[in-house]
Structures are given as structure tokens and as C-alpha cells.
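As C-alpha cells, the structure follows; a few thoughts come after it.
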Amino acid sequence: ICWRNAPALRKKPSAVWSNCTMTIRILLSLTCLSLAGCTLGPDYSAPLSDVGDEWFSSEDGEVKLDTQSSPNAWWKQLKDPTLNTLIEQAVEENKDIGVAAANVTRAKALRRMSAAEFYPAIGVGADATKEGISQRGTSSQFVGEKERNSFSTSLDASWEIDLFGRIARSTEAADADYEAAIEERRGVLLATIAELVSNYYQVRGYQKRIAIAERNIELLRETESVAESRFNAGAVSELDLARAQGEREAVEATLPSLRAEMMAGIYRISVLTGQMPETHVATLAATKPLPMPPDQVPVGLRSDLLKRRPDIRQAERMLAASNAQIGVAEANLFPQLSLTGAVGTDARYFSDLFTVDGLAYSIGSAINWSLFEGGALRADIARAEAVNLATLRSYEQTVLLALEETEAALIRYGKEWQTLRRLLATLKSRQRAHNIAKLRYEAGEEDFIAILDAERTLIGIRNDIIESETRILVNLTQLYKALGGGWQVWEQQETPS
């Protein structure tokens, strides 16, 4: 531009070269000033939370906690291939996970947009016009001309020098927002897996309750048959037969609601895997036994929650973003320096467009500084600081809620094991009492009320055991969710770029 294309150089090369040299020096100086410029606002450091390493909830000898291992891929410990397949499908097809993944892509694009402000903006343009000249107009220089052509090309550039770190802080905030979006996606994935596993074992629990109810109905039919035989023999009144029939019919009446809840659970599982509600009805129709959880539960240290739970990690990244926004607000108090430049050609005839004489260029700089805004800029800094404080308190609350949720899940899981063991012990004595009552009734030594009470108690205990076994699996799932384990299996290393 300075030597070959500027015709003035051929006339006064030393003067023009001096101007070009000065321009280059200014650009280099401003670039160095930009690189050495200060970055306003507080530098971020992650908050320290002393939550300790030991879990408060006592094991009570029921559950062994493995503090040396992390709860990754915990569902595979239950050794259920059907469940593993459903989880794989949910991770691939679940719509909520898909929305969270799209939000990650959006945050990444916003981060790239923010980082782009570090670089010059360059554009090109071209223009061609044809004008009709008035023969009666005031432009005497065009007398005799009926038409006029105009052609031009241009290459424009502008660059904001980040003297006070506005762009740097903005990009820092965008980085943290992007990382927070990744943590949000991990949290959605973890919640989806936990909900699917809970529904899966609730479905298996309902199937077992249905099977037990059908067994109980057969048991009651036997008692009804005994009552009918004794009634026909004149040993008992019709009241005993009516009571036996009523008890059987009462148990039969529970079957429709149990089947309805089982089907509702299957519908939910299908939707969690991103399919139509009826998709997995055939897959889950066959009854499978409830698995026994492992002897040891990998929980890691209590302090590991801060590094593992996605909601805590997301809250920390949101805190980092709000901290960077303080610097953006403070930088707005100071001037913004921009460099502009353009080079192009301009000619009335297309044949002259790319000649030396058609060359035109410009270079300049601009400073924008809001000297008075009625206190708006200072108020914006106060707003950013208040948002940062609120985000800090939100982070602290997230940590407390995570500890509460995990400790509660631990105690529920351990105590439910105590409940199940006591119910199993009770079942043995209730079964023995029922057998004795049945024999005495058949021998005519007890009235029907004794065997009826024994059967009701036995049926109730069996249902309580199934419900307790289901709750153990659901509570274990909620414990793993509270521990923040599972998302690591599908982790892909993502870094801002």
C-alpha cells in the first residue's frame, strides 16, 4: 500500500515512507499497550468449604461404606442386563438430556463470540452505480453528460484495544458459563439415570406384589374350600363361608390397581428412554426377581461431593462467571480505544478501478469515554457485585443441600435394611402362627376368626417385605444420585476452544 500502490510515493517517497513508519510504530505501541493493559475487577478464586471427610450418618452395622471408591457405573453392580440396556438407550435418546446438550452447544458458541472480540473485524465490499445526469440541474461540471458510472472496492478493518480488560473479563465469564452448561448436562444425565432405575425397580416390585397377591388368593381359596366343606358338613355356620369369600375377594380387588401402577412405571421408563410410552411394555412384561444390593456401598469421602456432584460444580462455575462480570462493569468506567483502517479503489470507469491512480486508503483511531451517565455505570458495578454475592450464597446453599440430601439418603438406606431384617424375622413367626391356626380350625379347635386374623397378618407381612425390598433399591438409587456418581461413564473431555 505504502510503496507500490500510492502514486504520491513516486513524487515524495521519503515523506510518505515516514508517515507509514510512524503509523506502524503507533500500531505496535498500541498493541503492546493492549497486551500490558490492566484487567479490572477481582481475580477469581474458588470458595473453600470445609465439609470434612467423615460421614455423620452411622452405619449401625447394617451397611458397609467403602470410602476408598467412587460410585461410578453403580447400576452395573446390580447385574441386570435389561436395566443396563435401558440406561444406554436413555443416555442416547432422552429428550431432557438432548436439551441440555443443545444448551452446551449454545454456551460454547457464545463463548466463541465473546473471544472473537480480541481480534480485528475485517470486511470487504464492492459497489457499482449508474446515474442519469439532469441537463437542467445545478451541477455544471456534468453539462453534456447524460449518464455517469461509479465503481469502488474496499477492505475495512476495526479493532478494539482491550486496555482495561473488558473483553478479557467478558471472555472469562463466557468460559465459566460454558463450563456451567456442561455441569448442568451432567446433572440432567445423572437425574435421568436415577429416575429410570427407581422406576425400573418399582415396576419389578409391583410385579412381585402381583405374584404374591395371586399366591395369597390361592391360599385364601384353600381356606374358603375348608370353610365350605365344614359348612356342608354342618360344622360351622354360613358366616364362616361368607367371611372366607369376602377375604379372597378383597385381595383380588387389589390386583387392578397394582397392575395399573406397574404399567404406569413402564410408560415412564419408555419416555425416559426417549420412546413412545408403550415401547417397553413387551420388554418389561416378564417378571424378574428383585436383586440384592452389594454388601459394600462405594461412597468416597464426604469432601468428594464438592468435586463430584454436578450441581455443586455448576454453582461454582456460575460464581466464577458472576465474578468476571464485575470486571466487565468496572471496565465500562474507562475509555474504549478502537483502531480503524480501510484500503480500496474508486473510479468512474471500470477499466480504471484497479489502477494505481484509483487507490484510496485511510487509517485512524477513536476513543469513546462516557464521562457522565447519571451514576448508571457505578450502579451497574454495584449490581454486578450484588449478583456475585447472591451467587456465592447460592453456592453455599447448594453445598449444604447436597450434604443434607446425601446424609439423609445414607440413613434411609441403612435403616431400611433394619426394617427388612425385622420383617423377615416376623414372617417366620407369622407363618408358623398361620399354620397352627389352620390346623386347629380344620380340627374344630378354633373358630374362623383365628385363621382369618392369621391369614390377614401373613398377607400384610408379605406385602410389607416386598415394599421394603423395593424401597431398599430405590433408596440405594437415591443415595448414588446424592453422591453424584454415574455421569463419569459417558464423560467426554470438553474444553473451551
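The first residue in the sequence is number 1, and the count goes up from there.
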Report all side-chain donor-acceptor pairs from residues 450-458 shorter than 3.5 Å, counting only partners two or more places apart or in another chain.
unit_1: Glu455; atom_1: OE2; unit_2: Thr223; atom_2: OG1; d: 2.1
unit_1: Arg456; atom_1: NE; unit_2: Glu247; atom_2: OE1; d: 3.0
unit_1: Arg456; atom_1: NE; unit_2: Glu247; atom_2: OE2; d: 3.3
unit_1: Arg456; atom_1: NH2; unit_2: Glu247; atom_2: OE1; d: 3.3
unit_1: Thr457; atom_1: OG1; unit_2: Asp453; atom_2: O; d: 2.9

Review item, side-chain donor-acceptor pairs of residues 40-48, under 3.5 Å, at least two apart:
unit_1: Asp43; atom_1: OD1; unit_2: Arg169; atom_2: NH2; d: 2.8
unit_1: Tyr44; atom_1: OH; unit_2: Glu316; atom_2: O; d: 3.4
unit_1: Tyr44; atom_1: OH; unit_2: Glu316; atom_2: OE2; d: 2.5

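Of the possible donor and acceptor atoms, none in the side chain of Trp487 sits under 3.5 Å from a partner among the backbone N and O of Arg185. Although no hydrogens or angles enter the test, the distance criterion places a donor-acceptor pair under 3.5 Å between the side chain of Thr192 and the main chain of Val188. A donor-acceptor distance shorter than 3.5 angstrom exists from the side chain of Gln207 to the backbone of Leu284, with no hydrogens or angles considered. The main-chain N or O of Arg412 is never found under 3.5 Å from a side-chain atom of Trp417 such that the two would form a donor-acceptor pair. Side-chain atoms of Thr406 come within 3.5 Å of backbone N or O of Ala482 as a donor-acceptor pair. Judged purely by atom type and a 3.5 angstrom limit, Arg313 uses its side chain to pair as donor or acceptor with the backbone of Lys307. Of the possible polar contacts, one joining the Asn232 side chain to the Glu228 backbone as a donor-acceptor pair under 3.5 Å is found. Judged purely by atom type and a 3.5 angstrom limit, Trp75 has no side-chain atom pairing as donor or acceptor with the backbone of Ala194. Side-chain atoms of Ser114 never come within 3.5 Å of backbone atoms of Leu110 as a donor-acceptor pair (strictly under, hydrogens ignored).
The structure places CD of Glu385 at 5.5 Å from CD1 of Ile326, a figure rounded to the nearest 0.5 Å. Rounded to the nearest 0.5 angstrom, Glu330 CD and Thr39 OG1 are separated by 11.5 Å. Taking CG from Leu423 and CG from Asn463, the interatomic distance works out to 11.0 Å, rounded to the nearest 0.5 Å. Atom CG of residue Leu220 and atom CD of residue Glu249 lie 10.5 Å apart, to the nearest 0.5 angstrom. Put simply, CG on Asp464 and CD1 on Ile459 are 12.0 Å apart, with the number rounded to the nearest 0.5 Å. Atom OG1 of residue Thr171 and atom CG of residue Asp162 lie 8.0 Å apart, to the nearest 0.5 angstrom.
Of all non-hydrogen atoms in Ser468 and Leu420, the two that sit nearest each other are OG-CB, 3.4 Å. Listed here is the closest heavy atom pair of Val251 and Ala213: CG1-O, 3.8 Å. Closest heavy-atom contact between Asn94 and Leu272: ND2-O, 2.8 Å. The minimum heavy-atom distance between Leu306 and Ile312, with the atom names listed, is O-CG2, 3.9 Å. A pairwise comparison of heavy atoms in Val203 and Met262 identifies CG2-O, 3.8 Å as the closest pair. Residues Ser322 and Asn388 approach most closely at OG-ND2, 2.9 Å, considering heavy atoms.
Under the side-chain hydrogen bond (donor to acceptor under 3.5 Å, both in side chains) criterion, Gln314 pairs with no residue at all, not counting sequence neighbours. Partners of Asn216 by side-chain hydrogen bond (donor to acceptor under 3.5 Å, both in side chains), not counting sequence neighbours, listed by chain and number: Arg462. With sequence neighbours excluded, no residue forms a ring pair (Phe, Tyr, Trp, His ring centres under 6.0 Å) with Phe231. Partners of Tyr480 by ring pair (Phe, Tyr, Trp, His ring centres under 6.0 Å), not counting sequence neighbours, listed by chain and number: Trp74. For Glu117, the salt bridge (charged side-chain N to carboxylate O under 4.0 Å, His left out) criterion is met by Arg166, not counting sequence neighbours. In this structure, Glu184 has no salt bridge (charged side-chain N to carboxylate O under 4.0 Å, His left out) partners at least two apart in sequence or on a different chain. Scored by the salt bridge (charged side-chain N to carboxylate O under 4.0 Å, His left out) test, Lys95 finds no partners at all (sequence neighbours excluded). Here Arg309 pairs with Asp311, Glu405 under the salt bridge (charged side-chain N to carboxylate O under 4.0 Å, His left out) rule; sequence neighbours left out.
Between Glu407 and Leu410, the closest side-chain pair of non-hydrogen atoms falls below 4.5 Å. You'll find the side chain of Asn323 stays beyond 4.5 Å of the side chain of Leu392, heavy atoms only. Annotation: side chain of Thr470 is not in contact with side chain of Arg204 (no heavy-atom distance under 4.5 Å). Between Leu239 and Arg243, the closest side-chain pair of non-hydrogen atoms falls below 4.5 Å. Side-chain contact between Leu163 and Pro335: absent, with no pair of heavy atoms (C-beta onward) separated by less than 4.5 Å. Side chains of Thr82 and Tyr200 form a contact here, defined as non-hydrogen atoms less than 4.5 Å apart.
Applying the 6.0 Å contact sphere to CZ of Arg430 captures no more than 12 heavy atoms from other residues, nucleotides or ligands. More than 12 heavy-atom neighbours from other residues, nucleotides or ligands sit within 6.0 angstrom of NZ on Lys288. The environment of CD in Glu92 is sparse: at most 12 heavy-atom neighbours from other residues, nucleotides or ligands sit within 6.0 Å. Heavy-atom neighbours of Met318 CE from other residues, nucleotides or ligands within 6.0 Å: at or below the threshold of 12.
Side-chain contact annotation: Asn435 with Gln431, donor-acceptor N/O pair under 3.5 Å present. In this structure, a donor-acceptor pair under 3.5 Å is absent between the side chains of Ser338 and Ser158. Looking only at atom types and distance, the side chain of Gln245 has no donor-acceptor partner in the side chain of Arg248 under 3.5 Å away.
Residue pairs that meet the salt bridge (charged side-chain N to carboxylate O under 4.0 Å, His left out) test with at least one member in residues 255-282, sequence neighbours left out, are Glu195-Arg268, Glu214-Arg259. Within the structure, ring pair (Phe, Tyr, Trp, His ring centres under 6.0 Å) pairs that include any residue of residues 76-113 do not occur (at least two apart or interchain).
Residue Arg317 is tested with Glu183, Glu179, Glu172 for a salt bridge (charged side-chain N to carboxylate O under 4.0 Å, His left out); the sole match is Glu179.
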For Tyr201 and Leu476, what are the C-alpha separation, side-chain angles and deciding distance, and is it a side chain to side chain contact (heavy atoms under 4.5 Å, CB included)? CA-CA 11 Å; Tyr201 284 115; Leu476 178 62; over 6 Å; no
Evaluate side chain to side chain contact (heavy atoms under 4.5 Å, CB included) for Ile466 paired with Tyr206, printing each intermediate quantity in order. CA-CA 9 Å; Ile466 298 172; Tyr206 281 119; over 6 Å; no
Show the numbers, then the answer: is there a side chain to side chain contact (heavy atoms under 4.5 Å, CB included) between Ile472 and Leu290? CA-CA 10 Å; Ile472 283 177; Leu290 292 169; over 6 Å; no
